[in-house]
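Have a look at the structure below before the remarks.
Fair warning: this is a prediction, and the values are worked out from it, not measured in the lab. Numbers restart at 1 for each chain; the letters A, B, ... are given by sequence-line order, proteins then strands.
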Protein chains: 2
Amino acid sequence: MSGLVHVVDDDASFRTAIERRLKLAGYDVATYASAQDLLDAAPDDTRPGCILLDVRIPGLSGPELQSRLIAAGSNLPIIFLTGHADTPTTVQAIKAGAEDFLTKPVSSELLLDAIARALARQDAARSQRGRLDGFRVHLATLTQRERQVFDLIVRGKINKQIAYELGTTERTVKAHRHQVMEKMQVHSLAELVSIAERLGMLDSNGG
Amino acid sequence: MSGLVHVVDDDASFRTAIERRLKLAGYDVATYASAQDLLDAAPDDTRPGCILLDVRIPGLSGPELQSRLIAAGSNLPIIFLTGHADTPTTVQAIKAGAEDFLTKPVSSELLLDAIARALARQDAARSQRGRLDGFRVHLATLTQRERQVFDLIVRGKINKQIAYELGTTERTVKAHRHQVMEKMQVHSLAELVSIAERLGMLDSNGG
DNA sequence: CTTCCTATTGACCTTTGGGGCAGTGACATC
DNA sequence: GATGTCACTGCCCCAAAGGTCAATAGGAAG
């Protein structure tokens with residue numbers, strides 16, 4: 001259950017020292033000399049872990065790596081750890097979702113606290129996403145027609161209206177509707193709407 | 001459409017200078033010598049505006065004022081403006097939702113950008129809240145019984161089950177259900193569920 | 001050519017949802 | 001005591017949803 005901490009820093013002796021401290025605390029550690037090394041390694045972001053990232057490193061900077069990871073949809077929380085923190089960079093990093101921004105030298109207490117928070121947050125985010133992903137998977141199994149029916153159902157349209165809008169009959173809509181409920185594995189309209197809402201499919205609704 | 005900027009700083013000459021700059025940019029300005037002064041004034045957080053806040057001021061500090069305002073449910077965005085920024089304070093302020101964290105002396109460009117962003121964010125948040133508030137108002141007009149029926153409806157229970165759980169008859173549930181739809185001003189179950197979901201009433205649902 | 005999936009539809013029946021109309025009973029207010 | 005709100009309920013009816021059984025048709029895959 002221990003997390004894997006990805007340490008990105010160009011200072012080899014710093015990496016070694018941090019690795020020792022983190023392993024003592026029970027974490028697995030992977031080290032990288034540059035941001036590109038981490039990108040190349042394509043760390044598994046499904047297992048518990050976080051990134052400990054220096055701001056000023058050769059090649060891609062810390063914040064640049066952060067942008068890349070966000071763009072790539074990574075869900076590994078990032079803790080910045082730098083010798084010299086300037087305010088704009090700090091603000092930007094936190095706004096972009098970094099878990100924390102620490103300055104070297106960092107006490108083990110602060111560092112381990114931050115890592116624990118990062119792992120907790122990732123865990124919460126992942127369990128949240130896990131449920132939604134299940135729904136997305138089901139949603140992907142719908143045929144085009146079923147998907148159209150789904151969209152109209154969760155907007156409160158009745159079968160008669162749906163049939164009219166799709167140029168088909170009420171009986172056909174019922175058949176598709178049945179398939180939708182089956183494939184989405186729900187037993188009531190309420191559940192279906194709830195899922196659609198959580199997936200952000202009803203943002204600008206006109207009932 | 002001009003916003004009202006609340007400037008909190010213990011330095012009178014700074015307040016005057018900032019006030020002049022902001023008024024030139026077309027903003028209304030209110031100044032306060034201390035955090036307590038602002039709390040006493042209880043600024044109207046329904047009109048467009050934001051708070052420009054020094055971190056180190058006599059009495060309540062900037063971050064402390066931020067906590068108070070958050071606890072009080074204020075929705076005025078806060079921009080910190082300080083002479084000396086230390087990293088932990090910066091991180092904490094941004095995590096707590098501050099719009100920005102600037103250091104004196106600040107260029108007019110940076111300052112006005114931050115204010116514009118703050119106002120834009122407040123506006124978005126407010127229009128979002130506005131819609132939900134409408135629903136909350138309707139929800140508040142429901143009687144206790146109607147509210148119970150509402151809760152069960154949006155969880156996908158059918159009238160028969162609701163009647164059983166409330167120890168009443170199906171016909172009675174129908175009557176309450178009618179009242180719920182009427183008072184919430186919706187025309188379909190889908191709309192009702194959608195609203196419940198947005199109000200966070202379905203977080204841990206068991207269909 | 002055969003098989004599978006998808007879309008479509010008809011006929012028929014049952015369960016739910018939604019109301020109209022009417023009436024009872026408790027409780028609070030004026 | 002009169003008025004009003006809220007909860008509760010029976011009878012009856014219509015509309016909508018959902019399921020069963022059965023069948024047609026086009027397209028993709030083997």
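Remark: P of D:dT5 and CG of B:L142 are 17 Å apart, rounded to the nearest angstrom. In this structure, the CD atom of B:Q179 is 16 Å from the C1' atom of C:dG17, given to the nearest Å. In this structure, A:I162 places its CD1 atom 16 Å from C1' of C:dT8, rounding to the nearest Å. Regarding B:H176, its NE2 atom lies at a distance of 16 Å from the P atom of D:dT5, rounded to whole Å. Whole-Å rounding puts the A:L166 CG to C:dT6 P distance at 18 Å. One atom, CD of B:Q144, and another, C1' of C:dA26, lie 15 Å apart when rounded to the nearest Å.
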Which side-chain N or O atoms in residues 39-51 of chain B pair as donor and acceptor under 3.5 Å with protein atoms at least two apart or in another chain?
unit_1	atom_1	unit_2	atom_2	d
B:D40	OD1	B:Q36	NE2	3.1
B:D44	OD1	B:T46	N	2.8
B:D44	OD1	B:T46	OG1	2.5
B:D44	OD2	B:T46	OG1	3.2
B:D45	OD2	B:N75	N	3.4
B:R47	NH2	B:S2	O	3.4
B:R47	NH2	B:D28	OD2	3.4

Output a table of donor-acceptor pairs, distance under 3.5 Å, between side-chain atoms of residues 170-177 of chain A and any protein atom two or more places apart or on a different chain; print 'none' if there are none.
unit_1	atom_1	unit_2	atom_2	d
A:T172	OG1	A:T168	OG1	3.4
A:T172	OG1	A:T169	OG1	2.9
A:R177	NH1	A:N159	OD1	2.6

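Pairs engaging residues 145-172 of chain A under the ring-ring contact (aromatic ring centres under 6.0 Å, His included) rule: none recorded [sequence neighbours left out]. Screening residues 44-78 of chain B for ring-ring contact (aromatic ring centres under 6.0 Å, His included) gives no qualifying pairs among residues at least two apart or on separate chains.
Nucleic acid contact class of A:T172 (heavy atoms, under 4.0 Å, all strands): base.
Counting all heavy atoms, side chain and backbone alike, B:L192 lies closest to B:V180 at CD2-CG1, 4.1 Å.
The side chain to side chain donor-acceptor pair (under 3.5 Å) test applied to B:E19 returns B:K23, not counting sequence neighbours.
The side chain of B:T169 has D:dG10 as its nearest neighbour among C:dA7, D:dG10, D:dC6.
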Checklist outcome for this item: A correct 5'-to-3' footprint of nucleotides 12-30 of chain D, with B, S and - meaning base, sugar-phosphate only and no protein heavy atom under 4.0 Å, is ----SBBSBB---------
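For D:dA7, the OP1/OP2 oxygens have a side-chain nitrogen or oxygen of B:T143 closer than 4.0 Å.
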